[in-house]
Each structure stands twice: as C-alpha cells, then as structure tokens.
Colleague: 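Following this message is one structure expressed as structure tokens.
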Amino acid sequence: KCAQIELPYKVIGSYGKGRWTAVPWIAVFDSRITTSAQKGVYIVYLLNKDTKELYLTFEIAATEAIGTNVDSEGKAVFSGIVGKTVPKLKAKLQEKASQIRTAIPDDYFSFDDKINSGAQGYDFGSVYYKKYSANDLPDGETLVSDLKRMLDIYSKYYQWVNNLQLDDTGETGGEEKVNDINTKDAL
C-alpha cells in the first residue's frame, strides 16, 4: 500500500549526481516552502548504507544554514560541512529545530541526538525522526501511517510560518501567503 502524495507536495529522490551519494534520499517537498533539499524545511527518508538503517525525518536544510560561498565569477559554491563550520552549523540547526519543536510539539517521533543517517548535516538538521532497520522494515500500513503523521507536522509547519489558524472544520482562516515563504524569517 502506498501513500498518495498530492499537490502542493512533490517527491524527489537522489542517489547522487555524477557519483554515488554517501546518503541516498527520497524527499517530500511542500512546493509552497521549497522544492530543493538545499533550502527550507522538508520531509526526507535517509538511508545509512553502513548501518542499514532508514530514517524518516522532518529536516532543516543544512546547506542553507551554512550559507552560500561565491566564487570569483559570482557563482554559488557549496563548501561542504567541514572543519570549523561543524560546531556553528550544529548549534544553528539545533536552535532552529528546537524553535520548530516548541511551535509544533509531537510525542510520536524522536528528536534526540542519536540519529545516525551517515551525514552530520542531516543529523544536525533533524527536527523529528523515526528510525527503521532496513533489514526489518515494518509493514506498509505502518510506513504509510508514519508518513501521514510527518505530513501532518509539515502542514502545521506551513501554517506556523504563515501565521494561519485552523478553525473547527480543519480549514484555515484568513489569507494565505503562498508565495515565497522565507523560513529564515520564520525561525
């Protein structure tokens, strides 16, 4: 059984571009927030190839958090997560994750520092996560249910960054600011 993902959500996966990535992933983006794993907040499945663990996470993009360097031609350059940037990146992402957890509490998913996706940037940017053993995955209904729970958190995040309130029918009141959600300003 598969979860049906409809607009405004978009599903994209990657095992690397030009070479295999250290952490293959499949992401669910709310297109009103982001369509890239390099900015904003999104849901992502991360596979740690070494430990054979799969993580379902609500993630803050590490690339955006560390900023963008520019080369001599004015083109964006990703510098990676190395050296002195690690402690600063960890602190920044953990602070943002804490702010989101305060605004959108959840007692089903984990939010400790025990996540081990295989990439520090993903681990630091995890707001919530659930770990599965790739050798002993739960049944499809459980996986779909967990994804739906995570989509509910994502929906609440969208409402939070737009200052929307739900009425008793579950509909939003007021005007939606659909264009250009700036997650940096929301956090």
Side-chain angles (χ1 to χ4, degrees), residues 10-106 108-132 150-151 153-154 156-158 160-162 180-187:
K10 181 178 179 178
V11 179
I12 298 175
S14 180
Y15 52 84
K17 293 183 180 179
R19 63 182 173 95
W20 286 96
T21 182
V23 181
W25 55 267
I26 299 172
V28 179
F29 303 115
D30 182 325
S31 60
R32 301 168 297 179
I33 298 171
T34 188
T35 56
S36 167
Q38 295 182 345
K39 64 180 182 175
V41 177
Y42 55 95
I43 295 169
V44 64
Y45 286 95
L46 304 167
L47 178 63
N48 184 321
K49 297 181 294 187
D50 296 329
T51 64
K52 306 277 190 276
E53 293 170 331
L54 179 68
Y55 290 90
L56 169 61
T57 72
F58 188 55
E59 193 74 31
I60 301 167
T63 305
E64 181 179 51
I66 60 173
T68 304
N69 294 326
V70 179
D71 67 12
S72 60
E73 297 175 13
K75 295 180 182 175
V77 176
F78 177 63
S79 61
I81 300 168
V82 295
K84 295 179 182 178
T85 62
V86 172
K88 290 179 184 178
L89 175 67
K90 181 177 182 179
K92 189 172 189 177
L93 289 171
Q94 287 180 339
E95 178 184 343
K96 288 182 178 187
S98 178
Q99 290 171 347
I100 294 171
R101 284 192 294 270
T102 299
I104 309 165
D106 181 84
Y108 180 76
F109 293 106
S110 300
F111 58 89
D112 53 41
D113 62 357
K114 295 179 182 164
I115 184 171
N116 179 18
S117 68
Q120 286 183 322
Y122 286 128
D123 295 349
F124 298 158
S126 176
V127 178
Y128 291 115
Y129 74 90
K130 184 160 184 186
K131 178 174 76 170
Y132 309 99
M150 199 63 84
L151 285 166
I153 290 171
Y154 206 5
K156 289 175 183 174
Y157 175 80
Y158 173 78
W160 177 59
V161 297
N162 278 288
D180 285 337
I181 294 174
N182 187 337
T183 55
K184 286 182 181 177
D185 292 341
L187 303 174

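Values in this document were obtained by computation on a predicted structure and should not be read as measured data.
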Colleague: Let me confirm one number: the CD1-CZ distance from I153 to R101, rounded to the nearest 0.5 Å.
Modeller: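 Answer for the CD1-CZ pair, I153 versus R101, is 11.0 Å.
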Colleague: Just checking I26: does its CD1 atom have more than 12 heavy atoms from other residues, nucleotides or ligands closer to it than 6.0 angstrom?
Modeller: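 It does not: I26 CD1 has 12 such atoms or fewer within range.
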Colleague: List the residues meeting ring-ring contact (aromatic ring centres under 6.0 Å, His included) with Y108, not counting sequence neighbours, and say none if there are none.
Modeller: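 Listed in chain order: nothing, the list is empty.
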Colleague: How close do V28 and V11 get, counting heavy atoms only, and between which atoms?
Modeller: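 For V28 versus V11, the nearest heavy atoms are CG2-CG2, 4.2 Å.
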Colleague: Minimum heavy-atom separation for E59 to G121, with atom names?
Modeller: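 For E59 and G121, the tightest heavy-atom pair comes out as OE2-O, 3.8 Å.
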Colleague: Please name the pair of heavy atoms, one in V41 and one in I60, separated by the smallest distance, quoted to 0.1 Å.
Modeller: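 Between these two residues, the closest heavy atoms are CG2-CG1, 4.2 Å.
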Colleague: Is there side-chain contact between L56 and I43, with heavy atoms separated by less than 4.5 Å?
Modeller: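 In short, these two side chains touch, coming nearer than 4.5 Å.
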Colleague: Working to the nearest 0.5 Å, report the span between OG1 of T34 and OH of Y42.
Modeller: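 Between T34 OG1 and Y42 OH, I get 8.5 Å after rounding to 0.5 Å.
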Colleague: Check whether S36 reaches the backbone of Q38 with its side chain - one donor and one acceptor, N or O, closer than 3.5 Å.
Modeller: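 Yes.
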Colleague: Could you tell me whether a side-chain N or O of T35 sits under 3.5 Å from a main-chain N or O of S31, the two making a donor and an acceptor?
Modeller: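 Absent.
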Colleague: Would you say the ring centers of F58 and Y154 fall short of 6.0 Å from each other?
Modeller: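 Yes, ring centres under 6.0 Å apart.
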Colleague: Measure the CG-CG distance between L47 and L54 for me, rounded to the nearest 0.5 Å.
Modeller: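 Output value for this atom pair is 6.0 Å.
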Colleague: Locate the shortest heavy-atom distance separating F29 from A27; write the atom from each residue and the value.
Modeller: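 Nearest heavy atoms, F29 then A27: CZ-CB, 3.5 Å.
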Colleague: Which pairs with one or both residues in residues 41-58 pass salt bridge (Lys or Arg N to Asp or Glu O under 4.0 Å), sequence neighbours excluded?
Modeller: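 Qualifying pairs, neighbours excluded: E53-K131.
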Colleague: Holding to ring-ring contact (aromatic ring centres under 6.0 Å, His included), I want the full list of residues that pass it with Y45, two or more places apart in sequence or in another chain.
Modeller: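 Scan of Y45 (ring-ring contact (aromatic ring centres under 6.0 Å, His included), adjacent residues dropped) gives none.
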Colleague: With sequence neighbours left out, what residues match S126 under side chain to side chain donor-acceptor pair (under 3.5 Å)?
Modeller: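 So S126 forms no side chain to side chain donor-acceptor pair (under 3.5 Å) with any residue.
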Colleague: Restricting to ring-ring contact (aromatic ring centres under 6.0 Å, His included), what partner residues turn up for Y55, sequence neighbours left out?
Modeller: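 Partners of Y55 by the ring-ring contact (aromatic ring centres under 6.0 Å, His included) criterion, ordered by chain and then number, come out as Y129.
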Colleague: Look up atom CD in Q94 and atom CG in L89, then write down how far apart they are to the nearest 0.5 Å.
Modeller: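 Those atoms lie 9.5 Å apart.
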Colleague: To the nearest 0.5 Å, what is the distance between NZ (K90) and CG (D123)?
Modeller: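 Interatomic distance, K90 NZ to D123 CG, rounded to 0.5 Å: 9.5 Å.
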Colleague: State, with a plain yes or no, whether a side-chain heavy atom of W160 is found less than 4.5 Å away from one of I100.
Modeller: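 Sidechains of I100 and W160: in contact.
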Colleague: Go through F124 and D113 one step at a time and tell me if the side chain to side chain contact (heavy atoms under 4.5 Å, CB included) criterion holds.
Modeller: CA-CA 8 Å; F124 298 158; D113 62 357; over 6 Å; no
Colleague: Look up atom OH in Y157 and atom CG in D30, then write down how far apart they are to the nearest 0.5 Å.
Modeller: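 Here the rounded value is 10.0 Å.
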Colleague: For residues M150 and T57, report the shortest heavy-atom separation together with the two atoms involved.
Modeller: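 Heavy-atom minimum between the residues: CE-C, 4.0 Å.
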Colleague: side-chain hydrogen bond (donor to acceptor under 3.5 Å, both in side chains), that's the test. Do S117 and N48 meet it? Break it down for me.
Modeller: CA-CA 5 Å; S117 68; N48 184 321; over 6 Å; no
Colleague: What are the two closest heavy atoms between A61 and L93, and how far apart are they?
Modeller: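 What the structure gives for the nearest pair is O-CD2, 4.1 Å.
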Colleague: Go through it in stages, so that I can follow the logic: the residues are D106 and V127, the test is side chain to side chain contact (heavy atoms under 4.5 Å, CB included), and I'd like the CA-CA distance, side-chain angles, deciding distance and then a yes or no.
Modeller: CA-CA 10 Å; D106 181 84; V127 178; over 6 Å; no
Colleague: S14: which residues meet the side chain to side chain contact (heavy atoms under 4.5 Å, CB included) condition with it, sequence neighbours left out?
Modeller: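 Testing S14 for side chain to side chain contact (heavy atoms under 4.5 Å, CB included), a comparison that skips the adjacent residues, returns W25.
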